[in-house]
Amino acid sequence: AQSVTQPDIHITVSEGASLELRCNYSYGATPYLFWYVQSPGQGLQLLLKYFSGDTLVQGIKGFEAEFKRSQSSFNLRKPSVHWSDAAEYFCAVGLYNQGGKLIFGQGTELSVKP
Amino acid sequence: EAEVAQSPRYKITEKSQAVAFWCDPISGHATLYWYRQILGQGPELLVQFQDESVVDDSQLPKDRFSAERLKGVDSTLKIQPAELGDSAMYLCASSGGEFYLNTEAFFGQGTRLTVV
């Protein structure tokens, strides 16, 4: 069965420090992969997506992610975190053979300390 | 910028009562999704529409939940009767094309339901 694992439930980083959020997936075919961000009480905003091609993808707000097929991973990175990046981050697999249904990880909550 | 509209933003209801949520997708988007997000978890798909047809409702608790998209535009999700375990964020999303054409889903702000 398809699944997404985000091993870190909560991460705290200092403002200006680099960030890496981990995501591992289980899917029997080439996945479509997404990272979404959610502020408290809000909906989900797409940060970036991978469908094919270059395995390093750039997104909004200075985020990037790298698809590594051999490790079944799609980790999210940012070189310098801002206080406004504090939020919940969700990795998701899109099932293209099921009409685009998304399977989400349980999320990683990011706290930023001054 | 086009957005997915949801109402209400917040709803408090007593258990055993009926409750309904409304979603208006981005204009022209044929695919509409309803997801449920329990606090501390990622969203899970409840139902997916392609135009007015249901294409996936395998995770919808059909004894109490119903969803419709009569004209293939806006959609309503209903719970009757509500139970304490239904307290969650209900998210609507829409996408504009065939998934294999590299489209993504756009989410609304959600409806936060509290059942007391």
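Values below: every heavy atom of this structure, side chains too, minus hydrogens, waters and symmetry copies. Chain naming here is simple, since letters A, B, ... match the order of the sequence lines and numbering starts at 1 in each.
No continuous path of ILVMFWY side-chain contacts below 4.5 Å connects A:Val4 to B:Leu46, so the two sit in separate hydrophobic clusters. By the rule that hydrophobic residues join a cluster once side-chain heavy atoms approach within less than 4.5 Å of another member, A:Leu48 and B:Phe106 end up as members of separate clusters. In terms of hydrophobic clustering, with Ile, Leu, Val, Met, Phe, Trp and Tyr side chains grouped at heavy-atom distances under 4.5 Å, B:Leu60 and B:Tyr90 are assigned to a common cluster. Linking ILVMFWY side-chain heavy atoms closer than 4.5 Å, directly or via other members, places B:Leu32 and B:Leu91 in two distinct hydrophobic clusters. Cluster membership check: A:Phe104 does not share its hydrophobic cluster with B:Val47, using side-chain heavy-atom separations under 4.5 Å among Ile, Leu, Val, Met, Phe, Trp and Tyr.
Of the two parts of A:Gln38, only the side chain, counted from C-beta on, holds a non-hydrogen atom closer than 4.5 Å to a non-hydrogen atom of chain B. There is no contact between B:Gln6 and chain A, counting heavy-atom distances below 4.5 Å. For chain A, the nearby part of B:Tyr35 is the side chain; its heavy atoms alone come within less than 4.5 Å. Looking at A:Leu46, only its side chain comes within 4.5 Å of chain B, counting heavy atoms on both sides. Only the backbone of B:Gln41 comes within contact range of chain A, with heavy atoms under 4.5 Å apart.
Contact check for A:Phe90 versus B:Pro43: side-chain heavy atoms found under the 4.5 Å cut-off.
Heavy-atom contacts from other residues, nucleotides or ligands closer than 6.0 Å to CD of A:Gln58 number more than 12. At most 12 heavy atoms of other shown residues, nucleotides or ligands fall within 6.0 angstrom of atom CD1 in A:Ile9. More than 12 non-hydrogen atoms from other residues, nucleotides or ligands lie less than 6.0 angstrom from CD1 of B:Ile38. Within 6.0 Å of atom CD in B:Gln17, more than 12 heavy atoms from other residues, nucleotides or ligands are found, so the atom counts as buried in its surroundings.
Heavy-atom proximity under 4.5 angstrom to chain B picks out nothing from residues 71-83 of chain A. At a heavy-atom cut-off of under 4.5 Å, chain A is reached by no residue from residues 71-85 of chain B.
Shortest non-hydrogen contact noted between A:Lys49 and B:Glu104 is NZ-OE1, 2.6 Å.
The CG atom of A:Leu102 lies 12.5 Å from the CD atom of B:Glu44; values are rounded to the nearest 0.5 Å. A distance of 11.5 Å separates CD in B:Gln37 from CD in A:Gln106, rounded to the nearest 0.5 Å.
The most heavy-atom pairs under 4.5 Å with chain A, out of B:Arg112, B:Gln48, B:Arg9, come from B:Gln48.
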